[in-house]
Amino acid sequence: MKVLLVDDEEKFVSSLAERLWIRGFEADWATTCVEALTKAQIEDYDIAVLDVKMPRMSGIELKKMLEKIRPNMKFIFVTGHGSEEDYDIGSREASFYIIKPFKIEILIEKVKQALNI
Amino acid sequence: MEKEIGKMCAEGFSFFGISNRLISHELKNILAIISETLGLLEELVELSEAGTQLKPGKLRSLSASVIEEVERANAIIRNMNTFAHSVDEFIREVDLSQAVSLMIELTQLDSTSKNTKLRLADGEACVIYTSPFFLQNLIYHAINHSLRGAGAENEIRVSFDLADNVARIVFSGIASNRIGEFPTKKEDFLAKALSAKLSLDVSAGEMHIVLPQRLSESPIQALFVQQ
């Protein structure tokens, strides 16, 4: 299962990717939207886990661009915010919406639910 | 007068809400990094117990990462504490450099998301007698306004000076064609409370806040007297 993690906090996203690898996922990561789009053109990811607030382009905008490249890709949003407004947007635009910090087991459970496995 | 004071209180609560939201977002990001780093550390230990060799360099790097994030959180909490104390005395002496720096830190999330740097220019100490809380509120809105109109350099410079009993804060680096409407009603209202004058220099891409060195004849002082 190929997972793309996108968050501008490099330490967060790289550690999370490494933990997913330990659990058998093929996890790749990017800290910018441009990097994420480039990677999605090369690799056919099953799911992308996106930070809602990122420099230059929001996670919502990035999701729309990724969908054009990979129409079957599923999405999960993560955020440090947790406002009602963010929750509404996040749950409307993606399969799931998770608030930081979260347990990795929660993320894995949501990934599996989003991919029906 | 009561209506004006009511508006000031409402604006103050709103600003406190915004500040709390920005600070909690930053702290949650830090907690997420610490949580993932410690989670990884635990898993590496488990792997080593199962026979995989543990690399000391990796452990050192993860440990350093946690220490760095704790220091980052501590700096944010220190700023939060300074901000919370800005309502201890409604009107007092305020160092403009400190007030601007605090708001630059607070708006870091907004500036990062707009990919724009906020830079405080070096200058001599500039102390005025005003309301720290409402001044910070006005600076916050001015920063956000300038971020929305940042020019090609993606850098907003903030400078200040004091001359002839008047302090001036200047925001430069704004694109003339993106400068927008300033002040809006909210900024106008805050300016009135601080007896400040706000203006735009469109051709220079600058926004100006002019403050009296000593605040007088403001609704803030009426509120202060009523207390």
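Only heavy atoms go into these numbers, but all of them, side chains included; no hydrogens, no water, no symmetry mates. Fair warning: this is a prediction, and the values are worked out from it, not measured in the lab. Residue numbering restarts at 1 for every chain, and letters A, B, ... go by the order of the sequence lines.
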Residues in residues 58-66 of chain B that sit under 4.5 Å from chain A, counting heavy atoms only: K58(B), S65(B)
Inter-chain contacts: residues 34-43 of chain B against chain A, heavy atoms under 4.5 Å: S35(B), E36(B), T37(B), G39(B), L40(B), E43(B)
Should the heavy atoms of other residues, nucleotides or ligands under 6.0 Å from [atom1] of [X] be counted, would the total exceed 12?
{"X": "D122(B)", "atom1": "CG", "result": "no"}
{"X": "K74(A)", "atom1": "NZ", "result": "no"}
{"X": "E181(B)", "atom1": "CD", "result": "no"}
{"X": "M65(A)", "atom1": "CE", "result": "no"}
{"X": "K117(B)", "atom1": "NZ", "result": "no"}
{"X": "E153(B)", "atom1": "CD", "result": "no"}

Sub-4.5 Å side-chain heavy-atom contact between [X] and [Y]:
{"X": "F77(A)", "Y": "K63(A)", "value": "yes"}
{"X": "I18(B)", "Y": "S14(B)", "value": "yes"}
{"X": "P55(A)", "Y": "T32(A)", "value": "no"}

Intermediate values then yes/no, side-chain contact (heavy atoms from CB on, under 4.5 Å), K55(B) and L44(B): CA-CA 9 Å; K55(B) 293 176 185 165; L44(B) 292 176; over 6 Å; no
Centroid-centroid under 6.0 Å between F134(B) and F15(B) rings: no
Check residues 100-109 of chain B and write down every donor-acceptor pair under 3.5 Å in which the side-chain atom is one partner and the other belongs to a residue at least two apart or another chain.
{"residue": "S101(B)", "atom": "OG", "partner": "S97(B)", "partner atom": "O", "Å": "2.9"}
{"residue": "T107(B)", "atom": "OG1", "partner": "M103(B)", "partner atom": "O", "Å": "2.7"}
{"residue": "T107(B)", "atom": "OG1", "partner": "I104(B)", "partner atom": "O", "Å": "3.2"}

Options K114(B), R72(B), E26(B), ranked by heavy-atom pairs under 4.5 Å with chain A, top entry: R72(B)
Chi angles and distances behind the side-chain contact (heavy atoms from CB on, under 4.5 Å) call for F160(B), I209(B): CA-CA 9 Å; F160(B) 51 83; I209(B) 299 176; over 6 Å; no
Chain A contact via L47(B) - which portion, at a heavy-atom distance below 4.5 Å: side chain
Part of D8(A) within contact of chain B (heavy atom distance under 4.5 Å): side chain
D51(A) vs E9(A), side-chain contact (heavy atoms from CB on, under 4.5 Å): CA-CA, chis, key distance, verdict: CA-CA 9 Å; D51(A) 185 18; E9(A) 294 278 4; 5.9 Å; no
Residues in residues 14-28 of chain A that sit under 4.5 Å from chain B, counting heavy atoms only: S15(A), L16(A), E18(A), R19(A), I22(A), R23(A)
